[in-house]
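Right, one structure below, let's go through it.
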Number of protein chains: 2
Amino acid sequence: MPLEKPHTAQECTAALGAVQDALYAVGGKWKLPVIAALRDRGPQRFNELQRSIKGISARVLSTELKQMELNGFIHRKIDTGAPVVVTYELTPYADTLGNVLGALREWGAQHRNKIRGKITAEVSPPF
Amino acid sequence: MPLEKPHTAQECTAALGAVQDALYAVGGKWKLPVIAALRDRGPQRFNELQRSIKGISARVLSTELKQMELNGFIHRKIDTGAPVVVTYELTPYADTLGNVLGALREWGAQHRNKIRGKITAEVSPPF
DNA sequence: CAGGATCCGAAGCGATACTG
DNA sequence: CAGTATCGCTTCGGATCCTG
């Protein structure tokens with residue numbers, strides 16, 4: 001039931017807020033690439049991860065990881081051994097994004113198709 | 001099927017791109033409020049719409065409307081009559097966002113609930 | 001290796017004023 | 001009414017260097 005018509009102002013604003021929270025959680029330039037990298041190549045260490053994600057700087061990777069940890073998507077595992085080893089991995093909670101990402105991907109693919117030919121540069125993020 | 005594991009690099013990058021296109025289309029601070037306003041109160045004229053959406057400036061409303069028109073969400077209807085009347089309305093295509101917004105809302109609500117108590121200010125957009 | 005500190009340019013957004 | 005022009009602040013993200 002996608003954002004239906006008959007509703008109170010209260011419900012509407014709440015729904016609006018929820019959607020924006022969700023957008024905020026996966027928004028930005030790098031959160032998705034980080035998730036993708038961890039999904040594809042499994043748990044990784046900081047520099048390893050940075051190399052996996054082409055183009056990201058240490059500073060940005062660091063702040064993204066912190067936010068995603070706050071959101072519960074990522075676990076920062078510290079192995080206090082001979083040399084301390086820090087590993088980042090996706091939590092099970094990250095899987096709850098499945099529906100969201102699925103819907104976004106499906107709609108996005110369809111939209112890309114529809115928009116094809118038009119001034120793509122104006123409706124897509126810069127490369 | 002939410003972004004499954006076994007896939008080629010090609011497919012993965014494509015999916016990534018699609019998701020980011022979708023995020024871009026509904027992202028930003030005002031696109032959702034604009035959609036909500038048009039949904040709730042029907043087709044409206046520019047100033048009317050600006051009054052409906054508390055806090056938006058004419059400049060920002062103008063650019064948002066343009067982008068959303070490019071994306072096919074909005075139709076700018078020009079009635080060339082005694083005084084020219086311009087009306088903005090949602091297109092049927094805007095309805096295809098239903099699943100996306102539904103998924104975002106559902107996950108967002110659940111997430112908000114889970115995060116409750118934590119440093120909400122740090123994971124949510126400013127008010 | 002795992003980040004933090006600093007600087008800088010670009011983009012987003014708000015406020016005000018102005019035009020046809 | 002339906003916007004555009006201009007300005008300035010703030011945030012985002014990139015680059016470089018530095019440290020324990």
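Numbered from 1 within each chain, the chains take letters A, B, ... in sequence-line order. Bear in mind the structure is a predicted one, so any value in this text is a computation, not a measurement.
Aromatic ring centres of His75(A) and Tyr93(A) lie farther apart than the 6.0 Å criterion allows.
Of the candidate nucleotides dG14(D), dT4(D), dG4(C), dG14(D) has the atom nearest to the side chain of Trp30(A). When distances are taken from the side chain of Val86(A) to each of dA2(C), dA15(D), dC13(C), the shortest belongs to dA2(C). Looking at the side chain of Arg59(B), the nearest of the listed nucleotides dC13(C), dA5(C), dA2(D) is dC13(C). Among dC1(D), dG3(C), dG13(D), the nucleotide with an atom closest to any side-chain atom of Arg51(B) is dC1(D). Each of dC1(C), dG3(D), dC13(C) was ranked by its minimum atom distance to the side chain of Ala58(B); first place goes to dG3(D). Nearest nucleotide to the Arg45(B) side chain, out of dA2(C), dC1(D), dA5(D): dC1(D). In this structure, of dA2(C), dG4(C), dC13(C), it is dA2(C) that holds the atom nearest to the side chain of Phe46(A).
The number of heavy-atom neighbours closer than 6.0 Å to CD of Glu64(A), taken from other residues, nucleotides and ligands shown, is above 12.
A donor-acceptor pair is defined here as one N or O able to donate and one able to accept, closer than 3.5 Å; no such pair exists between the side chain of Gln50(A) and the backbone of Ser57(A). Judged purely by atom type and a 3.5 angstrom limit, Gln110(B) uses its side chain to pair as donor or acceptor with the backbone of Trp107(B). Between the side chain of Ser62(B) and the backbone N or O of Ala58(B) there is no donor-acceptor pair closer than 3.5 Å.
Applying the 4.0 Å criterion to OP1 and OP2 of dG14(C), one finds that Lys29(B) has a side-chain N or O inside that range. Look at Ser62(B) and you'll find a side-chain N or O under 4.0 angstrom from OP1 or OP2 of dT4(D). Residue Tyr88(A) places no side-chain N or O under 4.0 Å from the OP1 or OP2 atom of dC1(C).
Between Tyr24(A) atom OH and dG12(C) atom P there is a gap of 16 Å when expressed in whole angstrom units. Atoms CZ (Arg76(A)) and P (dC1(C)) sit 16 Å apart, rounded to a whole Å. Regarding Glu64(A), its CD atom lies at a distance of 14 Å from the P atom of dG3(C), rounded to whole Å. Spacing between atom CD of Gln50(A) and atom C1' of dT16(D) amounts to 13 Å, rounded to whole angstrom units. Across the protein-nucleic acid pair, Ile74(A) atom CD1 and dG3(C) atom P stand 12 Å apart, rounded to whole Å.
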